[in-house]
Visitor: 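For reference, the structure I am asking about is given below.
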Amino acid sequence: MPELPEVETLRRQVEGALAGTVWERVTAVPASVFRTPARDLQDGLAGARLLRVGRRGKILLLAFDGGQTLLVHLGMSGQLLLCPPVSPPPRHHHLTVGLEDGRMLVYRDPRRFGFVRLARDADLSDLRELAGVGHDPLDGSRSWEEFASGFAGRAGAVKAVLLQQDMLAGIGNVYADEILHEARVQPTRGAGTLTPPEKKNLFHAVRDLLARAVSLGGTSFDEAFVDLFGRPGLYGMHLKVYGRSGEPCTRCHTRLKEATVGGRSSVFCPHCQV
Ligand SMILES: [Zn+2]
């Protein structure tokens, strides 16, 4: 499932490749992923010029002239693909956009857990999709003390807290495990038991690890995530714990264990994570 690094990879690519382009010939095939009726998507986007691409957590925000923004969430298996001219659209495509230069942008989501919504800019602050989206871990304006204060009043395991989107937006099961290994904290630890130095370590682990993952284009599992040009992310070969239960810890060679935290499987090192 795409998390912050995968969505940020896509954000940078879409902005780099498509900012300034006019969306011609928009075709929306009615699908459950559309929270705006297909007809309204077609009418609203046809002829619109893409100005810039933002992100809130795992949601892409494509801002157009005329005061509209397209929200795109990849769900489990969503993809945005930029296809060369005259290539047939890939299967399971829901939205296709013909660009001025003949290329085609495609949104597809075979499992349909994602969504697409077109909103007026003036209405963005009221959208339920954006309510409760917390601080962005890649936003460097926050100090570790502010990060630490975010733990106040949050009970439960530290991993469950990392997954709370109103605490930090965009972290999912994969990167939560990786971050906790980097910070040497066990996922089952009560969030309230973390010492200030541990919270400081965790703060840096969140930022550093996500930034490294973005620099490698994120992680592709079962090819569910590919970037705008159809390429998989390269961070998968750097995963230290996720998917490696029973294998040796890369840091201390202890056999990695698995536990369930908040219903999610979690892999950690019982020796160097405390
Ligand atoms: Zn270890």
Side-chain angles (χ1 to χ4, degrees), residues 1-9 58 134-138 140 142-152 154-165 167-222 224-225 232-274:
M1 177 174 187
E3 301 180 22
L4 185 149
E6 292 76 43
V7 181
E8 176 62 14
T9 295
K58 302 176 196 173
H135 191 82
D136 196 282
L138 295 183
R142 209 159 68 147
S143 67
W144 82 265
E145 289 92 343
E146 288 170 292
F147 167 80
S149 69
F151 279 88
R154 292 183 193 262
V158 61
K159 177 171 174 183
V161 171
L162 283 182
L163 293 176
Q164 289 169 8
Q165 298 299 300
M167 166 83 179
L168 284 173
I171 298 176
N173 205 38
V174 177
Y175 292 104
D177 279 7
E178 295 298 314
I179 287 164
L180 288 165
H181 182 261
E182 175 133 326
R184 301 175 184 247
V185 173
Q186 290 200 6
T188 51
R189 272 278 294 282
T193 70
L194 263 59
T195 63
E198 285 176 325
K199 287 178 185 163
K200 192 173 182 180
N201 271 347
L202 189 56
F203 168 76
H204 287 296
V206 167
R207 286 231 301 236
D208 296 350
L209 193 136
L210 294 176
R212 289 204 302 274
V214 171
S215 73
L216 291 175
T219 305
S220 296
F221 296 101
D222 307 325
F225 171 75
L234 299 178
Y235 193 72
M237 63 185 74
H238 298 274
L239 295 174
K240 302 282 202 302
V241 285
Y242 184 85
R244 297 191 63 241
S245 179
E247 295 178 34
C249 174
T250 53
R251 196 157 48 205
C252 73
H253 309 297
T254 304
R255 188 182 292 267
L256 298 176
K257 285 178 66 172
E258 192 163 353
T260 301
V261 181
R264 313 290 295 273
S265 112
S266 305
V267 183
F268 64 98
C269 175
H271 178 69
C272 66
Q273 287 176 257
V274 296

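Counting starts at 1 for both ligands and their atoms, in listed order.
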Visitor: Does atom CZ of R251 have more than 12 heavy-atom neighbours, drawn from other residues, nucleotides or ligands, at distances under 6.0 Å?
Guide: yes
Visitor: Are S149 and E146 close enough that a side-chain donor and a side-chain acceptor fall under 3.5 Å?
Guide: no
Visitor: Is the backbone of L209 close enough, under 3.5 Å, to the side chain of E178 for a donor and an acceptor to pair up by distance?
Guide: no
Visitor: Heavy-atom count around H271 NE2 within 6.0 Å, excluding the residue itself: above 12?
Guide: no
Visitor: Aromatic contact between F221 and Y242, with the criterion being ring centroids under 6.0 Å apart: yes or no?
Guide: yes
Visitor: Quick one: pull up CG in L162 and OH in Y175 and give me the separation to the nearest 0.5 Å.
Guide: 14.5 Å
Visitor: So, at under 2.8 Å, which protein N, O or S atoms would a careful student list around the Zn ion (ligand 1)?
Guide: C249 SG, C252 SG, C269 SG, C272 SG
